[in-house]
Amino acid sequence: MWRFVLIFIAVLLSACASTKNDLAILQINSLASENENDGHFKGLEALANNANAEQTKRINIFYLHGIGRTEDPKEPPLGRTFIRGVANAYGLEIEGNTLASRCGIKSDGETETRSEFIEITAGETVTYYTVVPGVQLSLDRLVCMDRQVLRVRPDLEYIVYRIFWDEFFWNSIQMAHVGQDDGEGEVTLLADLRRKYNRRLKDQMVNFGFSDAIMYLGPAGQQIRDAIRGAMCSAALDAEGYSFAKQGNSISAQRACSQASDQFGQANQFAFISESLGSKITFDLMREALTDGRKTIIDKMIAGSEIYMMANQLALLSLGDLSADPVKPAYNAPDAPRPRIVALSEVNDFLTYEINPFFENLWAQRINAADNSKLDAASRATISQTLGFDFVDIRVEFADPIVSVFKDFVDPIQAHAKHVAEPGIIQLMLCGAMAGKQSMGACLAADDETPEDEET
């Protein structure tokens, strides 16, 4: 994952002892309420359900990364800390090939390549014109998705679909723009001119970081959403029993969604976990589904779902959505429960903006309210109805000081990217909350410590 702050401070002062902060859950707020700290959501364990007369309850989790070189073989694999945290909450040991760092590619120390993966393609080559007349860039392969299975007990199972899009888009689009100045390729003439940590920051902050967000805000953003939509359809097919192998191990986004609409029946509930930019992508494609006037497989998947957004930037990146035309209100079918967005925000994260204050602030502009904290219940209900989601903000603090002598400056990388390394956050996601407090009564998840791990 990318690094966006002064890494060299930690290196230069690494001999100093740091102070570890405990997790503090400061507030769990519901947009629907005028009061603070009374938010609620079910949690992953309660969302798990039976389908087709099965004995085992199952939850399908769609896990989407954010900006950065997620498929870097030198970095820990996407979702590993989350999966280990869930396993540890139930007192389990991870078994099987769950440490594959890149989709469908054998990692060091593994004896075989993962077989349960699929590539989502555009179906036909997509061409983009560049700033140089006559120069075009082409894109065909969009997403690689694999499937991880964690069986908690005979009657409870977590299925995690990990979605990777960064390498395909980097190779097809971004490398042609900024690859000449990165420090990872075979030719590093420009990067070699920099000091060590400036070089690292340029790569992790800009080349493999901000370039993702900038690309997403342009025309390629629609292609990314289409790719993730195709992955959702493919995951729905797999969850119904039409496996990746039956789908052909490679399928176009359009074909996946067409087949899912035709074949999708009764599958287990889906939930969604997104990191950073992935939260914006998830929100946008779900909004498209809720405003397109059609009932599709995507509508079925998100109905009654919970979408856990870690370190979201909806407020910041929505500046790229300003339009001369009004946007459409969402439509939730009367028989389909509204999906709920659960946003986890570390208060010290530079990039995160809490969701409820953002929507409250915008709505206050509409009604010319001087104080957005005084929005009444009717206004709050209208916001959720218009957008198509219920919203819960979880305000947390867990980032540690980089060095003990600088207690007023905590690790911004940890604050942005290490939510699932906190056992308390994993337990909260598993068990849910009621009236602003974690629900513990019927939750099977144990209160054990998660093993230390690095996560991107």
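Because the structure is predicted, anything quoted here is derived from the model rather than measured.
- To the nearest 0.5 Å, atoms SG (C443) and CG (L428) are separated by 10.0 Å.
- With contacts defined as side-chain heavy-atom distances shorter than 4.5 Å, the pair Y216/R225 qualifies.
- In this structure, F358 has no ring pair (Phe, Tyr, Trp, His ring centres under 6.0 Å) partners at least two apart in sequence or on a different chain.
- Atom CZ of residue R151 and atom CG of residue L92 lie 11.5 Å apart, to the nearest 0.5 angstrom.
- Using a 4.5 Å heavy-atom threshold, the side chains of N88 and P423 count as separate.
- A donor-acceptor pair under 3.5 Å is absent between the side-chain atoms of S258 and the main chain of Q254, judged by distance alone.
- Ring pair Y308/F41 is perpendicular by interplanar angle, where above 60° counts as perpendicular and below 30° as parallel.
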Steps toward side-chain hydrogen bond (donor to acceptor under 3.5 Å, both in side chains) verdict (Q174, S211) | CA-CA 7 Å; Q174 292 157 276; S211 69; 2.9 Å; yes

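- Remark: side-chain polar atoms of D182 are not paired, donor with acceptor, to backbone N or O of N207 under 3.5 angstrom.
- Between K42 and E306 there is no salt bridge, since no side-chain N of the basic residue sits under 4.0 Å from a carboxylate O of the acidic one.
- Side-chain contact between M175 and L137 is absent, with no heavy atoms from C-beta onward closer than 4.5 Å.
- T70 contributes atom OG1, which lies 13.0 Å from atom CH2 of W170 (distance to the nearest 0.5 angstrom).
- A donor-acceptor pair under 3.5 Å is absent between the side-chain atoms of E354 and the main chain of T352, judged by distance alone.
- Contact check for F168 versus T121: no side-chain heavy atoms found under the 4.5 Å cut-off.
- Residues I28 and V392 approach most closely at CG2-CG1, 3.7 Å, considering heavy atoms.
- Between E45 and K57 there is no salt bridge, since no side-chain N of the basic residue sits under 4.0 Å from a carboxylate O of the acidic one.
- By the 4.5 Å heavy-atom criterion applied to side chains, L290 and P329 are not counted as neighbours.
- A distance-only check finds a donor-acceptor pair linking the side chain of Q180 to the backbone of H177 [under 3.5 Å].
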Between Y353 and N361, does a side-chain contact (heavy atoms from CB on, under 4.5 Å) hold up when you go through it step by step?
-> CA-CA 12 Å; Y353 289 80; N361 198 34; over 6 Å; no

Which is it for I59 and N268 under the side-chain contact (heavy atoms from CB on, under 4.5 Å) test, yes or no, and what are the steps along the way?
-> CA-CA 6 Å; I59 179 71; N268 300 96; over 6 Å; no

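- Between the Q247 side chain and the Y242 main chain, a donor and an acceptor come within less than 3.5 Å of each other.
- Atoms NZ and CG, from K280 and L64 in turn, are 13.5 Å apart once rounded to the nearest 0.5 Å.
- Relative ring orientation between F398 and H419 is described as perpendicular, the plane-to-plane angle rising above 60° on a 0-90° scale split at 30° and 60°.
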Given side-chain contact (heavy atoms from CB on, under 4.5 Å), test E360 with W363 step by step and report yes or no.
-> CA-CA 5 Å; E360 290 167 352; W363 200 260; 5.9 Å; no

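- S274 is listed as a side-chain neighbour of M309, based on a closest heavy-atom distance under 4.5 Å.
- Taking both residues in full, the closest heavy atoms of R338 and F389 are given as CD-C, 3.4 Å, listed atom of the first, atom of the second, then distance.
- Closest heavy-atom contact between S234 and F244: OG-CE2, 3.8 Å.
- Among residues at least two apart or in separate chains, disulfide (SG to SG under 2.5 Å) pairs with a member in residues 126-162 are C103-C144.
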Given side-chain contact (heavy atoms from CB on, under 4.5 Å), test Q414 with E422 step by step and report yes or no.
-> CA-CA 10 Å; Q414 182 187 6; E422 295 294 322; 4.0 Å; yes

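- Here the shortest heavy-atom pairing between S276 and H416 reads OG-NE2, 3.2 Å.
- Within a 6.0 Å sphere centred on CD of E167, heavy atoms belonging to other residues, nucleotides or ligands number more than 12.
- Using a 4.5 Å cut-off on side-chain heavy atoms (C-beta onward), E116 and D238 make no contact.
- For the atom pair F82 CZ and Q148 CD, the distance stands at 11.5 Å (nearest 0.5 Å).
- For E124, the CD atom sits in a loose shell: 12 or fewer heavy atoms of surrounding residues, nucleotides or ligands are nearer than 6.0 Å.
- The one candidate from I302, I273, L314, I307 that meets the side-chain contact (heavy atoms from CB on, under 4.5 Å) condition with T282 is I307.
- For the pairing with L31, the side-chain contact (heavy atoms from CB on, under 4.5 Å) check across L387, D393, I383, I341 returns one residue only, I383.
- Using a distance-only test at 3.5 Å, with no hydrogens or angles considered, no donor-acceptor pair links the side chain of N312 to the main chain of I355.
- Ring pair H65/W165 is parallel by interplanar angle, where below 30° counts as parallel and above 60° as perpendicular.
- Not a single donor-acceptor pair under 3.5 Å links the side chain of R229 to the backbone N or O of A253.
- Taking all atoms of both residues into account, the shortest heavy-atom contact from Q223 to L142 is NE2-CD1, 3.9 Å.
- Of all heavy-atom pairs spanning G123 and S252, the tightest one is CA-CB, 3.7 Å.
- With R147 contributing its side chain and I159 its backbone, the two residues share no donor-acceptor pair below 3.5 Å.
- Residues N60 and M301 form no side-chain contact, since every pair of their non-hydrogen atoms from C-beta on lies 4.5 Å or further apart.
- A donor-acceptor pair under 3.5 Å is formed between the side chain of D299 and the backbone N or O of T296.
- With hydrogens and angles ignored, the 3.5 Å screen pairs a side-chain donor or acceptor of D212 with a backbone N or O of G68.
- The CG atom of D226 sits 9.0 Å away from atom CG of L285, with the distance rounded to the nearest 0.5 Å.
- Checking each of K246, Q259, M232 against L237 for a side-chain contact (heavy atoms from CB on, under 4.5 Å) leaves exactly one that passes, namely Q259.
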